[in-house]
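Beneath this line is the structure, given in structure tokens, with notes to follow.
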Amino acid sequence: MNEPISCEIKLERTLIQDGPKFLSHKLIVAEQVAYLKPTISAMLFCFVYIVVGFFLISLASYILLHSQKMDLAIFVGGFGIAIFTFGVSLMQPFLKRASFDKNSQLFDNKRDRKVKLEHIISLQINNKMVVRKQALSYYCYELNMLTKHGRRINILNHNNFEQLNSDAGALAAFLQVPLSDYRRKIIL
Amino acid sequence: MNSIKFVISMLMLAWANRAAAEDEASSFAGVIGQISSRVDGFFKEYLNGFVELVFFSVPVDGTQFPLIVGWLVLAAIIFTWYFGFIQVRKAKLAIDIVRGKYTDPNSTNEGEVSHFQALATALSGTIGLGNIAGVGVALAIGGPGATFWMVLCGLLGMASKFCECTLGVKYRVVLPSGAVSGGPMYYLRDGMAEIGFAGLGKVLAVGFALMCILGSLGGGNMFQANQAHAMLTYAFGVPAEYGLLTGLVLAGLVFAVISGGMTAISAVTEKIVPWMGVLYVGMSVVVIGANLDQISAAFSAIFSGAFTGAGVAGGFIGALIQGLKRATFSNEAGIGSAAIAHSAVKTKEPVTEGLVALLEPFIDTVIICTMTALVITIAGLNTAPFDGEALTGVTLTAASFTSTADIFKYLLAFAVILFAFSTMISWSYYGLKAWTFLFGEGRGCEMVFKAIFCVFIVIGATIQFGAVIDFSDAAIFAMSIFNIIGLYFLMPIVKRELKMFIAKVDSGAIKKFD
């Protein structure tokens with residue numbers, strides 16, 4: 001027996017627990033395509049790890065060639081590889097450009113399955129507090145979309161509200177869907 | 001013929017490159033050595049006055065006794081008495097809170113941090129080089145007897161930590177940016193104002209914030225970087241003058257974390273560091289287990305050394321001073337830093353966080369520091385006279401572990417680097433909280449502190465141990481001067497909160513979930 005399943009979609013809830021304390025992406029609208037472009041500052045933070053990791057790997061190679069200290073070379077090289085890999089893994093999400101393409105009529109964030117643009121029914125702005133024990137807590141904002149099948153997908157997630165609000169407006173106009181501000185007062 | 005010419009020319013080129021590289025390496029080491037000695041000289045010349053002021057000493061039984069050490073111990077004794085030996089009477093309640101017995105299992109509060117998570121995170125900030133290098137220093141200068149005084153200080157310090165962490169949560173504030181901020185700066189300012197001492201409260205809060213900034217640059221930064229490089233020197237024979245490179249690498253990584261709000265690396269660190277704690281305890285258990293027959297002799301040396309101070313400069317008083325100093329440096333009870341960390345927890349009852357925090361000095365000092373001390377005493381490398389001239393700090397601890405199994409030095413090096421890294425991140429947070437309290441929020445203002453913090457990492461890894469540890473100690477201990485004055489004024493508020501909480505538990509208003 002198939003019973004109808006009802007579920008409530010809470011549009012005021014955020015989709016991601018964490019978020020960066022900087023502007024990570026900007027929306028670029030180019031005629032028939034709107035896409036998310038990572039900012040230089042976001043790339044730089046990732047690049048620090050890649051540079052430090054590469055430096056340590058180079059240092060390990062130098063040690064191995066010139067001093068024959070195998071244990072030190074492995075130790076430094078191991079740290080270098082770990083940090084380098086970490087930097088690359090941090091950078092990867094920034095390199096995947098989510099896009100809304102009117103030519104193909106698809107939204108593709110290179111992560112979830114593609115969504116037809118006609119299925120996107122609204123956009124929502126949400127806020128949250130990122131609380132960490134070893135860093136200052138801070139506000140972070142999300143731009144999410146709702147599909148007609150009830151799926152909610154995150155589009156933007158960073159702490160620059162002015163930019164997010166402006167991008168949200170531009171995207172709502174591009175998709176011709178309503179934009180709602182679901183920011184709420186957060187009581188800790 | 002051409003191929004022979006080619007081979008000869010390649011060999012000549014390789015030889016020339018090699019010679020040039022060797023010249024370059026020696027001149028590089030020389031330059032780094034010069035920078036190191038200049039920075040060290042600067043610290044000795046300009047910061048010695050501050051160190052002498054904080055550690056102002058009076059002669060006790062022919063030994064110079066730093067008043068600041070007495071100040072901390074006296075406070076711990078007073079808080080223990082005032083709260084009715086809370087560390088003993090409410091230990092079970094504290095453990096139950098950590099086990100989640102007072103947390104509704106059906107609670108759906110978004111993003112709530114459990115008390116166990118809070119304790120685990122706080123412990124990952126507390127367990128670190130204080131337990132490894134600090135105990136090495138204590139035993140190198142104070143002999144095995146210093147261990148006894150460390151344990152005693154840990155037990156008494158539980159009451160100090162309860163008091164300050166309860167106040168940290170009670171008087172925390174939400175800043176305009178939405179950031180939750182708490183700690184001695186706020187309870188000294190707002191709590192003191194509440195009881196009619198607004199002026200004194202402001203003076204204490206500003207004084208604490210200033211010392212907290214210095215503490216974050218000293219014990220929370222330079223000591224960590226310095227000992228991380230010392231460990232590399234011990235384990236791999238890296239020359240001491242190459243500390244500049246260690247400092248630059250650590251500074252680069254720390255800067256990327258603290259300036260970017262790149263939550264991924266913080267999350268990774270928070271996950272790895274508790275496992276480093278497990279690794280360290282595991283290694284200690286292996287060493288102690290492998291030498292079970294020497295345990296009774298080690299405890300005998302600890303107890304007899306505590307009261308005779310044999311081989312220690314200043315005898316029994318000398319051992320006591322070192323034990324108390326290193327215990328305070330390790331568990332941070334009475335210093336006020338833990339109150340900053342604990343204030344971010346999501347709880348409606350400040351006392352619950354105080355009770356959870358109360359367990360920290362026990363785990364940190366009574367259990368883990370004692371394990372390190374046993375490893376050092378069993379190894380027998382720390383011999384009289386205990387003047388710190390032989391092995392000391394992290395090298396004494398590492399050598400003691402290595403005497404059981406050579407591989408331990410590599411594992412310890414790995415743990416020390418990660419402990420140093422995570423502690424620097426924690427202390428950058430404490431320092432930043434104090435900085436924003438004094439100078440306000442703002443990206444530019446905060447970036448200045450972050451840049452200074454990273455410069456001090458490089459300095460710490462470069463300069464000699466003596467200058468670093470003196471400044472680190474002084475800066476951390478100076479925080480307690482302002483914090484403890486405030487705690488004396490505010491302890492009736494904590495007692496009232498405790499009574500109210502206990503009444504709620506007894507009446508069932510706060511439910512226990514089994």
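Below, read A as the first sequence line, B as the second, and so on, with proteins coming before strands; counting in each chain starts at 1.
Heavy atoms of B:Leu232 lying under 4.5 Å from chain A belong exclusively to its side chain. For B:Ala413, the parts lying near chain A are the backbone and the side chain together; criterion is any non-hydrogen pair under 4.5 Å. With a 4.5 Å cut-off on non-hydrogen atoms, A:Leu56 touches chain B through its side chain but not through its backbone. If you measure heavy-atom distances from A:Phe47 to chain B, you find no contacts under 4.5 Å at all. Residue B:Ile417 touches chain A through its side chain alone, counting heavy-atom pairs closer than 4.5 Å.
Aromatic rings from B:Phe255 and B:Phe453 are positioned such that their centres are separated by 6.0 Å or more.
A side-chain donor-acceptor contact under 3.5 Å links A:Lys102 to the backbone of A:Phe174. For the pair A:Lys69 (side chain) and A:Ile63 (backbone), a donor-acceptor distance under 3.5 Å is absent. Judged by distance alone, the side chain of B:Thr246 and the main-chain N or O of B:Ala461 form no donor-acceptor pair under 3.5 Å. Put simply, the side chain of A:Thr147 never gets that close to the backbone of A:Ile120: no donor and acceptor are under 3.5 Å apart.
For residues 141-166 of chain A, the salt bridge (Lys or Arg N to Asp or Glu O under 4.0 Å) pairs, not counting sequence neighbours, are A:Lys128-A:Glu142.
In this view, A:Lys26 satisfies the salt bridge (charged side-chain N to carboxylate O under 4.0 Å, His left out) rule with no residue, not counting sequence neighbours. In this structure, the side chain to side chain donor-acceptor pair (under 3.5 Å) partners of A:Ser122, at least two apart in sequence or on a different chain, are A:Gln124.
Applying a 4.5 Å heavy-atom cutoff, the residues of residues 76-85 of chain A that approach chain B are A:Phe79, A:Ile83.
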